[in-house]
K.L.:
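Could you have a look at this structure, given as structure tokens, before my questions?
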2 protein chains.
Amino acid sequence: MSVMLQLKDLPDEKVLKKFAERYDGVDTQSVSHFLSILRIGTELAESLDRFLATHGLLQGRWWVLILLMREDDQISTPSELAEKAGVSRATMSGLINGLLRDGLVARKDDSQDRRSYSIILTAAGQNKLDEVMPDYYPRIKKIMGAVPEQQREDLLKQLILLKEQCKVFD
Amino acid sequence: MSVMLQLKDLPDEKVLKKFAERYDGVDTQSVSHFLSILRIGTELAESLDRFLATHGLLQGRWWVLILLMREDDQISTPSELAEKAGVSRATMSGLINGLLRDGLVARKDDSQDRRSYSIILTAAGQNKLDEVMPDYYPRIKKIMGAVPEQQREDLLKQLILLKEQCKVFD
DNA sequence: GACAACTAGTTAGCTGGCTAACTATAATGT
DNA sequence: ACATTATAGTTAGCCAGCTAACTAGTTGTC
């Protein structure tokens with residue numbers, strides 16, 4: 001995601017009037033709320049990325065490492081990883097290449113199926129996670145601590161409602 | 001943004017235990033909530049993009065058209081647009097090129113400052129907005145309708161708290 | 001008036017998303 | 001056995017973000 005709206009850029013009175021005149025039935029509140037939610041989503045993701053960058057990682061590659069560590073033997077295949085990460089095989093191809101270059105994962109050819117190969121988390125990759133994760137978890141806890149325990153469930157519930165309601169875009 | 005997490009991919013018991021053993025002090029709830037929020041943000045943005053795509057637009061270019069329409073005379077400059085859209089001048093350069101190619105904006109050289117030029121919304125650009133916006137506004141209203149009026153303010157308030165708490169990433 | 005410093009915009013190269021088209025191999029069906 | 005179909009991975013080309021380095025022009029200062 002990446003949303004081209006600065007919260008400060010919410011339109012002023014004059015502009016609102018202009019748009020409301022040209023396009024009737026504009027619900028200013030809804031629009032402003034919707035855009036703010038998108039914007040905050042972007043900002044949260046950017047914060048995470050900046051944090052990962054301090055450890056020399058970015059979101060995409062970091063997540064691949066985590067998916068590998070989840071496996072019993074730290075091993076998987078490109079298509080499996082693509083499926084689990086929710087990205088196309090083409091995208092996973094690029095992510096894997098970057099990780100191979102950095103030596104955080106290694107490639108092992110499949111003797112059974114010559115089209116395929118396996119990807120293994122290397123010692124360097126595990127070390128990288130062991131460096132990042134103990135720094136990551138407490139920060140996440142602190143961040144989520146900003147929302148009172150009880151209201152977190154409500155927050156999630158409402159966001160899920162919004163997401164589901166997005167069917168009106170189809 | 002773009003978050004590599006499928007909600008379905010929340011880790012199972014065994015995996016949770018594995019991570020909790022290696023990295024102590026993991027607050028599973030916080031992590032899962034945080035990642036879910038990021039994921040939903042991405043999905044909302046993707047929905048908007050799919051909608052805009054049905055009108056032959058994408059988020060970046062659409063937002064530039066809106067910023068131009070906000071101006072009294074539908075005119076602005078690349079750096080002004082970059083600043084208002086919250087992107088780098090380099091990115092705006094690319095967006096403007098795309099819009100120029102599609103004829104949705106036009107370029108007008110500045111006689112005062114030969115480094116600069118102005119970007120104007122063309123009739124075709126205005127027509128495109130006149131096609132998209134009357135379709136956009138009611139859909140946004142319907143989507144936000146999923147969250148009861150009273151809880152919207154809370155939702156926003158909590159998201160803003162989270163965003164601000166992201167300072168712990170710095 | 002000349003030089004320094006700043007500003008406007010572009011370009012190159014990186015990240016990471018996508019689709020569509022491609023290669024190579026495997027599996028299936030007749 | 002061979003032909004078809006399906007699958008694994010890559011590549012090319014698009015979108016959109018970024019930084020850093022660059023050109024060109026403007027401004028300010030001495």
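In the text below, chain A, chain B and the rest are named by the order of the sequence lines, each starting its count at 1. Predicted model only: the values in this text are computed from it and were never measured.
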K.L.:
Of the nucleotides D:dG17, C:dT15, D:dT10, which has the atom closest to the B:Val87 side chain?
P.N.:
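Within the option list, the nearest is D:dG17.
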
K.L.:
Rounded to whole angstrom units, what separation is found between the CZ atom of B:Arg61 and the C1' atom of D:dC15?
P.N.:
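Taking atom C1' of D:dC15 as the reference, CZ of B:Arg61 is at 7 Å.
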
K.L.:
Can you tell me if B:Ser118 uses its side chain to pair, donor with acceptor, with the backbone of B:Ile75 under 3.5 Å?
P.N.:
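Checking the backbone N and O of B:Ile75 against the side chain of B:Ser118, no donor-acceptor pair under 3.5 Å is found.
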
K.L.:
Measure the distance from CZ on A:Arg50 to P on D:dC18 and round it to the nearest whole Å.
P.N.:
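Roughly 12 Å, once rounded to whole Å.
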
K.L.:
Walk me through whether B:Asp24 and A:Tyr137 qualify under side chain to side chain donor-acceptor pair (under 3.5 Å).
P.N.:
CA-CA 9 Å; B:Asp24 46 58; A:Tyr137 287 124; over 6 Å; no

K.L.:
Are the side chains of B:Leu156 and B:Arg152 in touch, meaning some heavy atoms are under 4.5 Å apart?
P.N.:
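They are not in side-chain contact.
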
K.L.:
Heavy-atom nearest nucleotide on DNA chain C for A:Ser111 versus A:Arg101: which residue maps closer to 5'?
P.N.:
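Upstream on the strand: A:Arg101.
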
K.L.:
Taking C-beta and beyond as the side chain, do A:Glu71 and A:Lys84 meet within less than 4.5 Å on heavy atoms?
P.N.:
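Sidechains of A:Lys84 and A:Glu71: in contact.
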
K.L.:
B:Asp49 CG to D:dC15 C1': how many Å, rounded?
P.N.:
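About 9 Å, once rounded to whole Å.
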
K.L.:
Specify the residue among A:Asp113 and A:Ala90 whose closest nucleotide of DNA chain D lies further upstream toward the 5′ end.
P.N.:
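This one resolves to A:Asp113.
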
K.L.:
Using whole Å, report how far CH2 of A:Trp63 lies from P of C:dT15.
P.N.:
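In whole Å, C:dT15 P and A:Trp63 CH2 are 21 Å from each other.
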
K.L.:
Under 4.5 Å between any side-chain heavy atoms of B:Met92 and B:Val64, yes or no?
P.N.:
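Contact flag for B:Met92/B:Val64 side chains = yes.
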
K.L.:
Under 4.0 Å, counting only non-hydrogen atoms across every strand here, what does B:Glu80 touch: a base, just sugar-phosphate, or nothing?
P.N.:
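Nothing, no nucleic acid heavy atom in range.
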
K.L.:
Measure the distance from CG on B:Leu57 to C1' on D:dC14 and round it to the nearest whole Å.
P.N.:
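Value for this atom pair: 15 Å.
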
K.L.:
Ignoring backbone atoms, establish whether B:Ser93 has a side-chain N or O less than 4.0 Å from OP1 or OP2 of C:dT10.
P.N.:
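It does, given that an N or O in the side chain of B:Ser93 lies less than 4.0 Å from OP1 or OP2 of C:dT10.
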
K.L.:
I'd like a list of close polar pairs between nucleotides 1-7 of chain C and the protein, N/O only, cut-off under 3.5 Å.
P.N.:
residue: C:dT7; atom: O2; partner: B:Arg115; partner atom: NH1; Å: 2.5

K.L.:
Taking the side chain as C-beta and beyond, is there a heavy-atom pair between A:Val147 and B:Leu162 under 4.5 Å?
P.N.:
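When only atoms from C-beta onward are counted, B:Leu162 and A:Val147 do touch, with a gap below 4.5 Å.
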
K.L.:
Can you find a side chain N or O atom of A:Tyr117 that sits less than 4.0 Å from OP1 or OP2 on C:dA24?
P.N.:
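So the side-chain polar atoms of A:Tyr117 never come under 4.0 Å of the phosphate oxygens OP1 or OP2 of C:dA24.
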
K.L.:
Less than 4.0 angstrom from a charged side-chain N to a carboxylate O is my criterion; do B:Lys128 and B:Asp102 meet it?
P.N.:
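Salt bridge absent between B:Lys128 and B:Asp102.
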
K.L.:
Just to be sure I understand the rule, does B:Ser116 reach a base, reach only the sugar-phosphate, or reach nothing, if contact means heavy atoms closer than 4.0 Å?
P.N.:
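Sugar-phosphate only.
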
K.L.:
Roughly, in whole Å, what's the span from CH2 in A:Trp62 to P in C:dG16?
P.N.:
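About 13 Å, once rounded to whole Å.
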
K.L.:
Please report the distance, rounded to the nearest Å, between CD in B:Glu46 and C1' in C:dC18.
P.N.:
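To the nearest whole Å, that distance equals 10 Å.
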
K.L.:
Using the closest heavy atom to pick a nucleotide of DNA chain C for each, name whichever of A:Gly98 or A:Arg114 lands nearer the 5' end.
P.N.:
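Closer to the 5' end of DNA chain C: A:Gly98.
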
K.L.:
May I ask you to evaluate whether B:Thr91 reaches the phosphate of D:dA16, defined as a side-chain N or O under 4.0 Å from OP1 or OP2?
P.N.:
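It does not, given that no N or O in the side chain of B:Thr91 lies less than 4.0 Å from OP1 or OP2 of D:dA16.
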
K.L.:
Rounded to whole angstroms, how far apart are CG on A:Leu52 and C1' on D:dC18?
P.N.:
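Computing the A:Leu52:CG to D:dC18:C1' distance gives 16 Å.
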
